[in-house]
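All values derive from a computational prediction rather than experimental measurement. Read the numbers this way: they start at 1 and go in the same order the structure lists the ligands and their atoms.
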Amino acid sequence: MAKTIGIIAIKGGVGKTTISAALATDLANHYQKKVLLVDTNYSAPNLGLHMDILEPDKTIHHVLDKKVHAKSAVHEKFGVDVIPGEYVYNKNIPYLKLKDRLAPLKKDYDFIILDSSPSLNDEMLSTMLASDALFVVTTPDYPTLSCTIKAAKLAKQRGKPIAGIIINKIRDPKYELTIREIEDSVDIPVIARIPDDKHAIRSLFSRIPLPLYKKSSPLSQEINRLNAALTRNKEKKSFFQSLMPFDFRRERVNRELLKEDFYSNTFKS
Ligand SMILES: Nc1ncnc2c1ncn2[C@@H]1O[C@H](COP(=O)(O)OP(=O)(O)OP(=O)(O)O)[C@@H](O)[C@H]1O
Ligand SMILES: [Mg+2]
């Protein structure tokens with residue numbers, strides 16, 4: 001039975017789609033998992049641009065609108081099954097039916113990754129309700145942190161507390177929020193720290209997700225470590241890390257806790 005993970009943020013451009021595509025392709029190609037990746041950013045879908053699906057004939061919009069079954073909207077790309085979005089769909093569709101529409105596919109996958117909309121409305125709620133676990137993406141600055149606090153509150157109200165924070169686009173730590181400041185404000189563990197990665201824009205330009213475009217890039221490596229926790233594997237260590245007998249970096253310790261907690265609590269059903 002698939003574990004459904006929603007990647008959310010109440011802020012545009014923080015890296016939700018980049019990270020969703022990276023998580024999915026890495027799970028499929030480096031951990032041999034069966035993965036479904038769904039564009040749930042209904043009004044501004046662009047997962048197709050990251051996954052090289054440019055003019056899909058069947059999309060999540062058709063699935064929600066009951067024009068097609070979820071299975072027939074699947075496009076196979078980079079080892080991942082993808083349900084992309086429709087750029088222009090001139091009809092109101094029931095976003096909150098997402099969980100029901102994806103239900104028949106749950107048995108076919110190990111993971112379902114939902115790339116959320118940043119809009120604080122039914123679009124994001126649809127991702128929240130369809131997910132077993134939520135990860136919130138933030139950048140280490142005050143404006144984004146305030147959005148992250150809001151997202152955490154909303155998720156809690158909906159009975160879907162956020163399982164972890166992914167800090168993305170770390171540029172100049174001296175002038176940015178620290179991991180502890182972020183954790184203390186939101187009361188959620190940081191499970192990944194991703195630096196600003198010059199390969200992100202290159203991979204988007206080439207329409208090849210980062211773990212396949214450049215496996216050794218900082219983003220790909222951190223995503224691979226996070227996926228080790230999700231798949232209950234050991235993290236691969238760099239040469240320098242392997243020289244240290246203990247690694248007490250906070251996000252690493254948090255991933256170890258996530259590994260245990262995930263299957264016993266988050267995915268207990
Ligand atoms: N770690 C990173 N380093 C550098 N650039 C990044 C990083 N992560 C993402 N980007 C770039 O940031 C831009 C926005 O990323 P992305 O589309 O994934 O954000 P998003 O949160 O999904 O946006 P939206 O809310 O519009 O859906 C893209 O150009 C992407 O290549
Ligand atoms: Mg996006």
Side-chain angles (χ1 to χ4, degrees), residues 5-26 37-54 56 59-61 78 80 82-87 95 98 113-128 131 134-141 143-148 150-151 162 165-173 176-177 179 182 190-227 251:
I5 300 174
I7 308 298
I8 64 161
I10 310 184
K11 188 103 196 292
V14 291
K16 295 178 293 297
T17 308
T18 306
I19 288 169
S20 300
L23 282 168
T25 44
D26 183 71
L37 174 63
V38 187
D39 197 337
T40 57
N41 187 354
Y42 309 108
S43 22
N46 52 29
L47 181 64
L49 292 176
H50 291 250
M51 297 298 290
D52 197 25
I53 303 169
L54 296 187
T59 64
I60 191 65
H61 293 73
F78 305 112
V80 176
V82 186
I83 303 185
E86 182 85 26
Y87 280 98
Y95 301 133
L98 179 69
I113 309 280
L114 306 178
D115 171 27
S116 166
S117 156
S119 311
L120 193 52
N121 53 25
D122 276 1
E123 292 202 30
M124 187 186 290
L125 197 53
S126 118
T127 305
M128 283 188 174
S131 299
L134 294 169
F135 293 158
V136 64
V137 182
T138 192
T139 48
D141 53 86
T144 310
L145 179 65
S146 69
C147 293
T148 306
K150 230 190 246 176
I162 294 170
I165 301 177
I166 298 172
I167 308 178
N168 192 26
K169 300 192 190 184
I170 300 168
R171 282 182 198 153
D172 193 346
E176 292 174 329
L177 293 164
I179 182 167
I182 293 176
V190 168
I191 50 168
R193 278 205 287 180
I194 304 173
D196 195 77
D197 187 337
K198 67 179 182 207
H199 301 100
I201 196 72
R202 298 178 188 175
S203 94
L204 180 55
F205 182 78
S206 319
R207 294 199 292 271
I208 303 171
L210 252 177
L212 297 180
Y213 179 81
K214 193 153 182 75
K215 195 177 163 185
S216 61
S217 84
L219 188 145
S220 304
Q221 293 203 334
E222 186 72 342
I223 291 295
N224 187 265
R225 289 189 277 265
L226 176 54
N227 278 340
E251 67 276 22

Discussion item. Would Gly15 count as a polar contact of ligand 1, with the cut-off being nitrogen or oxygen pairs under 3.5 Å?
Written reply: yes

Discussion item. Closer than 2.8 Å to the Mg ion (ligand 2): does that hold for any N, O or S atom in Thr18?
Written reply: no

Worksheet item: If you measure only the distance, is there a donor-acceptor pair under 3.5 Å linking the side chains of Tyr42 and Ser126?
Response: yes

Worksheet item: Would you say Ala44 contacts ligand 1, with heavy atoms under 4.0 Å as the rule?
Response: no

Response to the item:
In ligand 1, the atoms that come under 4.0 Å of a heavy atom of Leu219 are 1 (N)

Item to complete: Find all atoms of ligand 1 within a distance of less than 4.0 Å from any non-hydrogen atom belonging to Ile194, and give their numbers and elements.
Response: 1 (N)

Fill in: Criterion side chain to side chain contact (heavy atoms under 4.5 Å, CB included) against Ile166, the qualifying member of Leu226, Thr138, Val14
Leu226

Worksheet item: Any N or O on Pro118 sitting closer than 3.5 Å to an N or O of ligand 1?
Response: no

Worksheet item: Do the non-hydrogen side-chain atoms of Thr18 and His50 ever get within less than 4.5 Å of each other?
Response: yes

Worksheet entry | Shortest protein contact, atom 5 (N) of ligand 1 (heavy atom only) | Ala200 CB, 3.5 Å

Worksheet item: What pair of heavy atoms forms the shortest contact from Ala151 to Val136, and how long is it?
Response: CB-CG2, 4.4 Å

Worksheet item: Which atoms from ligand 1 have a heavy atom of Gly12 less than 4.0 Å away?
Response: 25 (O)

Worksheet item: Nearest protein heavy-atom contact for atom 8 (N) of ligand 1: which residue, which atom, what distance?
Response: Asn168 ND2, 3.0 Å

Practice prompt. Would you mind reporting whether Ile162 and Ile8 have side-chain heavy atoms less than 4.5 Å apart?
Written response: yes

Item to complete: Determine whether the side chain, the backbone, both or neither of Ser117 has a heavy atom under 4.0 Å from any heavy atom of ligand 1.
Response: neither

Worksheet item: Hey, looking at atom 13 (C) of ligand 1, which of Lys16, Lys169, His50 has the closest heavy atom?
Response: Lys169

Practice prompt. Give yes if a backbone or side-chain nitrogen or oxygen of Leu204 is under 3.5 Å from a nitrogen or oxygen of ligand 1, and no if not.
Written response: no

Worksheet, complete the sentence: atom 3 (N) of ligand 1 sits nearest the protein heavy atom Asp197 N, 2.7 Å

Discussion item. Checking side-chain polar atoms at under 3.5 Å, does Asp115 have a donor or acceptor matched by the opposite partner on Asn41?
Written reply: no

Practice prompt. Would you mind checking which non-hydrogen protein atom is closest to atom 18 (O) of ligand 1, with the distance to 0.1 Å?
Written response: Thr18 OG1, 2.5 Å

Discussion item. For the NZ atom on Lys214, are there more than 12 heavy atoms of other groups (residues, nucleotides or ligands in this structure) within a distance under 6.0 Å?
Written reply: no

Discussion item. Testing the basics here: between Pro84 and Asp39, what is the closest heavy-atom pair and its distance to 0.1 Å?
Written reply: C-CB, 3.9 Å

Response to the item:
re atom 24 (P) of ligand 1, the protein heavy-atom contact at minimum distance is Gly13 N, 3.6 Å

Worksheet item: Hey, which of Pro218, Ser206, Ser216, Ser220 is the one that makes side chain to side chain contact (heavy atoms under 4.5 Å, CB included) with His199?
Response: Pro218

Worksheet entry | Side-chain heavy atoms of Leu49 within contact of Leu54, under 4.5 Å | yes

Item to complete: Would you give the length of the straight line joining atom CD1 of Ile167 to atom OG1 of Thr144, rounded to the nearest 0.5 angstrom?
Response: 11.5 Å

Practice prompt. Using distance alone, determine whether Asn41 and ligand 1 share an N or O pair under 3.5 Å.
Written response: yes

Discussion item. Within the structure, is a non-hydrogen atom of Ser20 found at a distance of less than 4.0 Å from ligand 1?
Written reply: no

